[in-house]
Asker: 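One structure coming up, written as structure tokens, with questions to follow.
Order of listing sets the numbers, starting from 1, for every ligand and every atom in it. All values below were derived from every heavy atom in this structure, side-chain atoms included, with hydrogens, water molecules and symmetry-related copies excluded.
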Amino acid sequence: MQMINDYSFAGKKAIVRVDFNVPLNKETFEVTDDTRIRGALPTINKILSDGGSAILMSHLGRPKAGPDKKASLKHVIPALSKNLGGKEIKFADDCMQAKQLADALKPGEVLLLENLRFYEEEEGKPRLADDASEEEKAAGKARVKESQKKFVATLASYANVYVNDAFGTAHRAHASTALIANHFDEKNKMFGFLINSELEAMDKVIRSNDKPKTAIMGGAKVSDKIQIISRLLPTIDNLIIGGGMTYTFIKAQGGKIGNSLCEEDKLDLALEILKKAKEHNVKVYIPTDAINADKFDANANTGKSKTNETPDGWMGLDIADETIATFTKVIKESKTILWNGPMGVFEMDKFSAGTSAIAKALAEATANGAFTLIGGGDSVAAINKNKLADKVSYVSTGGGAMLEYMEGKVLPGIKAIRGE
Ligand code: AMP
């Protein structure tokens, strides 16, 4: 597999799939958080400083019916230019009409293509009326499959080399994340620095023998996390459970959970996880006390109880002090840690203390030499809210992609380049 570090882009035109799916101010369309743009800089800078030119392509938002001003990548130009030291960014208003601009690019220049998802060919899904018949759906699918070939070939025709640096969409088999790679030979397709560091961080957690190894799984549902938990059980020492899924475990063990979130059809699954954990000698930590609310509301009345004695009419929305103390101790004693999913409804101030405490414990563990990987939109938001992003080892840019990789699934965007 070609490594970007060993490649010289001198005199080459590189088409780079970046993830510029950034949040925009709804009125002014200014970029409100440029983290994803900054994530692509090492790759862009390497191409330019080698003496190559960069053709950047991305999606933005979810335009469902062709060009849409709100989702134009034009809005990204000022933030991108600023991050590249004021560099001029050339722009192609239509990603399918960029050949002339691409051909005219000189070494050191940057061309940004308009949103790929203005074309249905990017995702390969036909855009149909809600009431489309089965025949119309089948015809639409066949049509897009055919026109997608031209779409991919056109993008590939702009460049001599393809770089994928969009980890956030690596789990999608889209034109720009997977199919385009077929148009380049082994030596002229590669991951960018961002994808490389994401893979390195995840592989480190999966393969590391630095023990104790701890997985912290929070968030709303057991069903979303079951596959990653199953995959990790043979390799971890501790499993910390938090968030809404706590109560499926508590109820499965006969506890009283009041109105707390519970997946009634997953009670057996929760017991199965506990059994499997025992077989693998994994210690499972389930919250023992909670901050309860009388309704799911930022201004709800609050109280505290054991998680298995939640009063009728109340619901557990955060972990409380005894649990925080137990979890913090386990985290601080760990050497390899994966965290995915909040410990409570951290979006509401009254129920955010548990998640913040875990974020702080991770920062302390990192300072003590642990390798800490944080992934999933909500845990990343919690780390950012606590201003701890630079105090942990790695913060993943891809929630869904990270979960799928850690579950052992083959990601189309990864397979297209390294073959697995
Ligand atoms: P996920 O996307 O599965 O990681 O879930 C994240 C969501 O779970 C966040 O929006 C949290 O507000 C929510 N959540 C966390 N703890 C609880 C809880 N105890 N009850 C209900 N929702 C929760």
Side-chain angles (χ1 to χ4, degrees), residues 168 171 215-230 232 239-253 255-267 269-270 273 285-311 313-324 327 338-359 362 373-386 395-407:
H171 57 319
I216 310 164
M217 292 289 142
K221 293 181 177 167
V222 186
S223 47
D224 292 342
K225 306 284 157 81
I226 174 67
Q227 275 175 306
I228 185 166
I229 293 176
S230 302
L232 291 173
L239 172 64
I240 292 180
I241 299 283
M245 68 171 144
T246 301
Y247 292 93
T248 304
F249 283 90
I250 298 284
K251 179 150 188 192
Q253 294 174 295
K256 266 185 67 191
I257 64 163
N259 288 343
S260 303
L261 197 69
C262 180
E263 286 172 279
E264 295 287 344
D265 58 337
K266 296 290 178 300
L267 297 174
L269 186 66
I273 292 174
Y285 295 87
I286 296 170
T288 50
D289 61 350
I291 303 295
N292 299 323
D294 59 353
K295 54 181 180 225
F296 192 85
D297 191 285
N299 299 314
N301 293 309
T302 60
K304 207 172 92 174
S305 75
K306 293 278 170 206
T307 40
N308 58 4
E309 291 169 11
T310 313
W314 292 71
M315 60 184 82
L317 294 187
D318 195 11
I319 53 175
D321 29 345
E322 182 182 273
T323 304
I324 291 175
F327 286 8
L338 168 71
W339 180 25
N340 182 295
M343 296 290 106
V345 183
F346 78 108
E347 300 94 329
M348 302 179 190
D349 280 346
K350 282 186 176 176
F351 312 108
S352 66
T355 302
S356 293
I358 296 310
L362 272 144
L373 168 59
I374 289 90
D378 287 317
S379 0
V380 173
I383 281 281
N384 288 336
K385 196 172 154 192
N386 287 282
V395 179
S396 176
T397 58
M402 183 184 114
L403 268 184
E404 290 196 19
Y405 188 84
M406 302 290 286
E407 283 166 6

Asker: Strictly distance-based, threshold 3.5 Å: is any side-chain N or O of Lys225 a donor or acceptor partner for the main-chain N or O of Gly218?
Answerer: yes
Asker: Does Asp289 offer a backbone N or O that forms a donor-acceptor pair with the side chain of Thr323 under 3.5 Å?
Answerer: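 Pair found, side chain donor or acceptor close to backbone of Asp289.
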Asker: May I have every N or O pair linking ligand 1 to the protein at under 3.5 Å, one per line with atom names and distance?
Answerer:
| from | atom 1 | to | atom 2 | distance (Å) |
| --- | --- | --- | --- | --- |
| ligand 1 | 3 (O) | Ala220 | N | 3.2 |
| ligand 1 | 4 (O) | Lys225 | NZ | 3.3 |
| ligand 1 | 5 (O) | Ala220 | N | 3.0 |
| ligand 1 | 8 (O) | Ala220 | N | 3.3 |
| ligand 1 | 10 (O) | Glu347 | OE2 | 2.4 |
| ligand 1 | 12 (O) | Glu347 | OE1 | 2.7 |
| ligand 1 | 12 (O) | Glu347 | OE2 | 3.3 |
| ligand 1 | 16 (N) | Gly244 | N | 3.1 |
| ligand 1 | 19 (N) | Gly316 | O | 3.0 |

Asker: Atom NZ of residue position Lys350 - does it have more than 12 heavy atoms of other residues, nucleotides or ligands inside 6.0 Å?
Answerer: yes
Asker: Does Thr307 reach the main-chain N or O of Pro287 with its side chain, forming a donor-acceptor pair under 3.5 Å?
Answerer: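 Side chain of Thr307 to backbone of Pro287: a pair is present.
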Asker: Between Asn386 (side chain only) and Ser356 (backbone N and O only), is there a donor and an acceptor less than 3.5 Å apart?
Answerer: no
Asker: Please name the residue in the list Asp224, Ile273, Leu338, Ile240 that meets the side chain to side chain contact (heavy atoms under 4.5 Å, CB included) test with Met217.
Answerer: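 Of the listed residues Asp224, Ile273, Leu338, Ile240, the side chain to side chain contact (heavy atoms under 4.5 Å, CB included) partner of Met217 is Leu338.
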